[in-house]
Amino acid sequence: MSNYGIYTIDNTLEFTFPNTEIKIERIGDHVFSYVRKDAEDNILKKIIPVISSDLTLELCPIRPLNYPAYRTSHVYLDFESPVFLSEGSAATVFVRCPIEIGVFLVHGKHKDSLDWFTCDPINSRFCLYGSPESGTLCKYTNSEIVESYDDSIPFINAVLKIDIKNTLDRGFTITKIVFPIIGNSLYYKNSKATIDPLSATLKKKLTLEIIDVDAVPMQTDWAKSPTYEQTEAIRHMDMGVD
């Protein structure tokens, strides 16, 4: 099994992840090939010309927004075990949050997205939070509450810390958290991944009981991932002739 990190390749290197294999090899003085194969034998091939004599790549966790297509910036974590907070109380929980893996071409201070994939395609699903007319499309997962940052499943999910405070005048059961993950950075160490924590507050706004969720920048010595979200490919090209 491979680890996250920055790799310099001068000849050939292979990576193995759950349901995914990657092979990179030199095919010329300044040219490398990149081949990714998944568990269903789907193959992606790319040719990478380089200026230097070697190739430097970074493999890292990225936000789970690209597979099977970029459709939303929100994530819906459906807790396997609901959390009950009595009035005026607070708690900290650690939950599993899905991730994808990004492959970035490193040249100088720049990191360009070369590829991305998920190691858990069968569980990469969407759901609608709210009404059919005005609801929010979300990336959905059934999320398990765990003990610490060490409990992520390598290459499948990260561990997310959530600080929850109940300012209501009654107890409340929390069964899910919905938030825009676009504001959260990811971090990695070896095969583990984590994500900027969330601060969630149960409160009353006018006549409604709501939960406010905000991302909190993380203080850590883990490496910070570059960010990437897929965009639609450019389909139109203007061409001129003399």
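Because the structure is predicted, anything quoted here is derived from the model rather than measured. Note that these values count all heavy atoms, side chains included, but never hydrogens, waters or copies made by symmetry.
Rounded to the nearest 0.5 angstrom, F32 CZ and N11 CG are separated by 7.5 Å. The CD1 atom of I174 lies 12.5 Å from the CG atom of L77; values are rounded to the nearest 0.5 Å. Atom OG of residue S2 and atom CD1 of residue I101 lie 9.0 Å apart, to the nearest 0.5 angstrom. Annotation: the span from E144 atom CD to I153 atom CD1 amounts to 7.0 Å, rounded to 0.5 Å. Between D214 atom CG and T201 atom OG1 the span is 7.5 Å, to the nearest 0.5 Å. A distance of 12.0 Å separates CZ of R36 from CD of E21, quoted to the nearest 0.5 Å.
No donor-acceptor pair closer than 3.5 Å links the side chain of S86 to the backbone N or O of G171. Between the side chain of H74 and the backbone N or O of K139, no donor-acceptor pair lies under 3.5 Å. A donor-acceptor pair under 3.5 Å is formed between the side chain of N166 and the backbone N or O of L168. The backbone N or O of A69 sits nowhere less than 3.5 Å from a side-chain atom of N66 that would complete a donor-acceptor pair. At least one donor-acceptor pair under 3.5 Å links the side chain of D151 to the backbone N or O of E147. Within the 3.5 Å criterion, the main-chain N or O of P61 finds a donor-acceptor partner in the side chain of S225. With hydrogens and angles disregarded, no donor-acceptor distance shorter than 3.5 Å links the side chain of K205 to the backbone of I210. Distance alone, capped at 3.5 Å, places no donor-acceptor pair between the R63 side chain and the G183 backbone. A donor-acceptor pair under 3.5 Å is formed between the side chain of S124 and the backbone N or O of Y67. Under a 3.5 Å cut-off, the side chain of K161 and the backbone N or O of T92 do not form any donor-acceptor pair.
Closest of all the heavy-atom pairs between A215 and L198 is CA-CD2, 4.0 Å. S52 and H30 get closest at one heavy-atom pair: O-ND1, 3.1 Å. Residues T72 and F126 approach most closely at CG2-CE2, 4.0 Å, considering heavy atoms. Closest of all the heavy-atom pairs between V213 and A200 is CG2-CB, 4.2 Å. Closest of all the heavy-atom pairs between V31 and I47 is CG1-CG2, 3.4 Å. Pairing each heavy atom of N184 with each of P197, the nearest pair is ND2-O, 4.0 Å.
When the side chains of ILVMFWY residues are joined at heavy-atom separations under 4.5 Å, either directly or via intervening members, I145 and I162 end up in a single hydrophobic cluster. No continuous path of hydrophobic side-chain contacts links V178 to V95 [ILVMFWY only; heavy atoms under 4.5 Å]. Using a 4.5 Å cut-off between side-chain heavy atoms of Ile, Leu, Val, Met, Phe, Trp and Tyr, with links allowed through other members, V146 and Y188 fall into different hydrophobic clusters. Using a 4.5 Å cut-off between side-chain heavy atoms of Ile, Leu, Val, Met, Phe, Trp and Tyr, with links allowed through other members, Y4 and F117 fall into the same hydrophobic cluster. At a threshold of 4.5 Å between side-chain heavy atoms, the hydrophobic network of Ile, Leu, Val, Met, Phe, Trp and Tyr places V216 and Y187 in two separate groups.
A 4.5 Å side-chain heavy-atom check between T56 and I6 finds at least one atom pair inside the cut-off. K176 has its side chain within reach of Y76: a pair of non-hydrogen atoms, C-beta onward, lies under 4.5 Å apart. Residues I182 and L65 form a side-chain contact, since some pair of their non-hydrogen atoms from C-beta on lies under 4.5 Å apart. The side-chain heavy atoms of K192 and T194, taken from C-beta on, include no pair separated by under 4.5 Å. Y7 is not listed as a side-chain neighbour of I24, based on a closest heavy-atom distance of 4.5 Å or more. Here the side chains of L55 and Y34 are not in contact, with every heavy-atom distance at 4.5 Å or above. By the 4.5 Å heavy-atom criterion applied to side chains, I62 and F104 are counted as neighbours. Using a 4.5 Å heavy-atom threshold, the side chains of N123 and T118 count as separate.
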Given side chain to side chain contact (heavy atoms under 4.5 Å, CB included), test L128 with T136 step by step and report yes or no. CA-CA 6 Å; L128 188 66; T136 300; 5.8 Å; no

Side chain to side chain contact (heavy atoms under 4.5 Å, CB included) assessment of L160 paired with F179: CA-CA 12 Å; L160 169 66; F179 66 102; 4.0 Å; yes

Apply side chain to side chain contact (heavy atoms under 4.5 Å, CB included) to N157 and C97, showing your working. CA-CA 5 Å; N157 56 46; C97 179; 5.7 Å; no

Check against side chain to side chain contact (heavy atoms under 4.5 Å, CB included), F172 and L85: CA-CA 5 Å; F172 202 92; L85 288 181; 5.6 Å; no

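Summarising the local packing, NZ of K46 is surrounded by more than 12 heavy atoms from other residues, nucleotides or ligands at distances under 6.0 Å. At most 12 non-hydrogen atoms from other residues, nucleotides or ligands lie less than 6.0 angstrom from CG of D29.
Applying the side-chain contact (heavy atoms from CB on, under 4.5 Å) rule to I51 yields no partners; only residues at least two apart in sequence or on another chain are considered.
A donor-acceptor contact closer than 3.5 angstrom is absent between the side chains of T167 and K204.
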